[in-house]
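These notes are about the structure you will find just below.
Both counts, for ligands and for their atoms, begin at 1 and track the order of listing. Side chains included, hydrogens not; waters and symmetry mates left out as well; all remaining heavy atoms used. Quick caveat, the model's predicted, so the values are computed rather than measured.
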Amino acid sequence: MNKPIAILNYRPEHHPAIRRILEHIGWAEQYIAAAEYNADAFAHDSLTFGVYVAVDEPYVVGFVYVQYWAWNELAQLQGLAVEPAYQRQGIASALVQRAEAFAKTKSARGVYVDTPISNQGGRKFYEALGYHFAYQMPRYYEATLDGVTYQKFFSD
Ligand SMILES: CC(C)(COP(=O)(O)OP(=O)(O)OC[C@H]1O[C@@H](n2cnc3c(N)ncnc32)[C@H](O)[C@@H]1OP(=O)(O)O)[C@@H](O)C(=O)NCCC(=O)NCCS
C-alpha cells in the first residue's frame with residue numbers, strides 16, 4: 001500500500017527542496033530566490049506565518065506559506081508549489097487546507113492569494129478550491145505581467 005503524503009511544519013533541512021521544486025517547475029530565478037529566503041524568514045515567526053511542506057518520505061514534494069494580517073484579519077498565501085511529478089494528486093489541496101486551518105486558528109475572515117494572470121493552472125486550482133477572482137493588478141509581477149487576486153471568505 002502507498003504511504004500517504006504527510007503535511008508537516010517546515011524545518012531547516014527542508015530548505016534545499018524549495019529550490020529543487022521551483023527549478024523543476026521552471027520559475028525564474030528571482031522568484032526562486034525569494035521563495036527560498038521566505039521559507040526560513042517566515043518559519044522564524046510562527047505567530048504570523050504558517051510554513052508547511054508535503055513529504056513523501058524522504059522527499060519534500062510541495063510547500064505552502066501563509067501569512068496572517070492582524071490589521072484586516074485576512075490571511076495571504078505567500079507561496080505554493082508542488083513537484084511536477086506529484087501534481088494532480090491532491091497535494092496542493094492538502095497544503096492549502098492546512099494553510100486555511102492556520103488562518104482559522106487566527107480567527108481570520110478568509111484567505112487571499114496573488115498569482116500571475118498567465119498562470120492558468122494555478123488559477124484553475126484556486127477556483128477548484130472555492131476561491132473567487134477579485135481583481136487584476138496591472139504590471140504587478142513584471143512590466144508586462146499583471147497579477148490577479150483570488151479570495152475565499154470563510155463566512156461565504
Ligand atoms: C497549482 C499547483 C500548486 C496545483 O497543485 P496540485 O497538487 O496539482 O493540485 P491538486 O492536485 O490539489 O488539484 C486540485 C484541483 O485543482 C484543479 N487543478 C489543479 N491543477 C490544475 C491545472 N494545472 N489545470 C486545471 N485544473 C487544475 C483541478 O480541479 C484539481 O482536481 P483534479 O485533479 O481532481 O481535476 C501546481 O500545479 C503547481 O505547483 N503549479 C506551479 C506553481 C503555482 O502555480 N503555484 C500556485 C500559484 S503561485
Side-chain angles (χ1 to χ4, degrees), residues 1-10 14-43 48-69 74-104 108 110-154 156:
M1 199 176 93
N2 288 339
K3 285 183 283 129
I5 304 288
I7 308 296
L8 307 176
N9 287 318
Y10 171 86
H14 299 139
H15 181 95
I18 306 298
R19 171 168 290 275
R20 171 182 42 79
I21 292 167
L22 294 177
E23 283 182 349
H24 288 171
I25 289 172
W27 277 17
E29 175 56 29
Q30 74 265 31
Y31 300 120
I32 297 178
E36 267 192 310
Y37 176 85
N38 286 344
D40 297 304
F42 293 171
T48 305
F49 297 94
V51 183
Y52 305 105
V53 290
V55 176
D56 182 14
E57 282 295 349
Y59 304 109
V60 174
V61 297
F63 65 86
V64 68
Y65 312 151
V66 57
Q67 177 171 11
Y68 175 64
W69 294 99
L74 288 177
Q76 180 180 10
L77 297 182
Q78 290 278 18
L80 169 69
V82 171
E83 178 69 37
Y86 283 81
Q87 290 178 6
R88 303 305 288 264
Q89 298 176 36
I91 294 173
S93 299
L95 285 164
V96 170
Q97 194 174 28
R98 181 61 64 91
E100 290 175 358
F102 170 85
K104 286 175 182 170
V111 180
Y112 70 96
V113 60
D114 307 320
T115 198
I117 193 167
S118 55
N119 184 4
Q120 294 302 336
R123 296 178 64 174
K124 290 274 181 229
F125 167 75
Y126 291 121
E127 286 164 10
L129 265 63
Y131 284 70
H132 298 288
F133 173 81
Y135 59 90
Q136 182 169 336
M137 291 175 289
R139 304 192 286 185
Y140 182 66
Y141 288 95
E142 297 168 20
T144 57
L145 183 55
D146 292 358
V148 285
T149 296
Y150 282 79
Q151 301 173 311
K152 181 177 182 177
F153 288 97
F154 298 136
D156 287 352

Inset, instruction - Kindly say whether Arg139 contributes a backbone atom to a donor-acceptor pair with the side chain of Asp146 at under 3.5 angstrom? - result: yes

Legend entry - Nearest heavy atoms of Ala39 and Ile18, plus distance in Å: CB-CG1, 4.3 Å

Inset, instruction - Using the test ring-ring contact (aromatic ring centres under 6.0 Å, His included), find all partners of Tyr150 that sit at least two apart in sequence or belong to another chain. - result: Phe133

Inset, instruction - Run through ligand 1 for me and note each protein residue having a heavy atom under 4.0 Å from it, chain first, then residue number. - result: Ile25, Trp27, Leu80, Ala81, Val82, Gln87, Arg88, Gln89, Gly90, Ile91, Ala92, Ser93, Thr115, Asn119, Gly121, Gly122, Lys124, Phe125, Tyr126, Ala128

Legend entry - side chain to side chain donor-acceptor pair (under 3.5 Å) partners of residues 16-28, not counting sequence neighbours, each pair once: Arg19-Glu23, Arg19-Glu29, Arg19-Glu36, Arg20-Glu83, His24-Glu83

Legend entry - Non-hydrogen atoms of Met137 and Thr149 that approach each other most closely: CE-OG1, 3.4 Å

Legend entry - Partner set under side-chain contact (heavy atoms from CB on, under 4.5 Å) for Ala92, not counting sequence neighbours: Leu80, Val82, Phe125

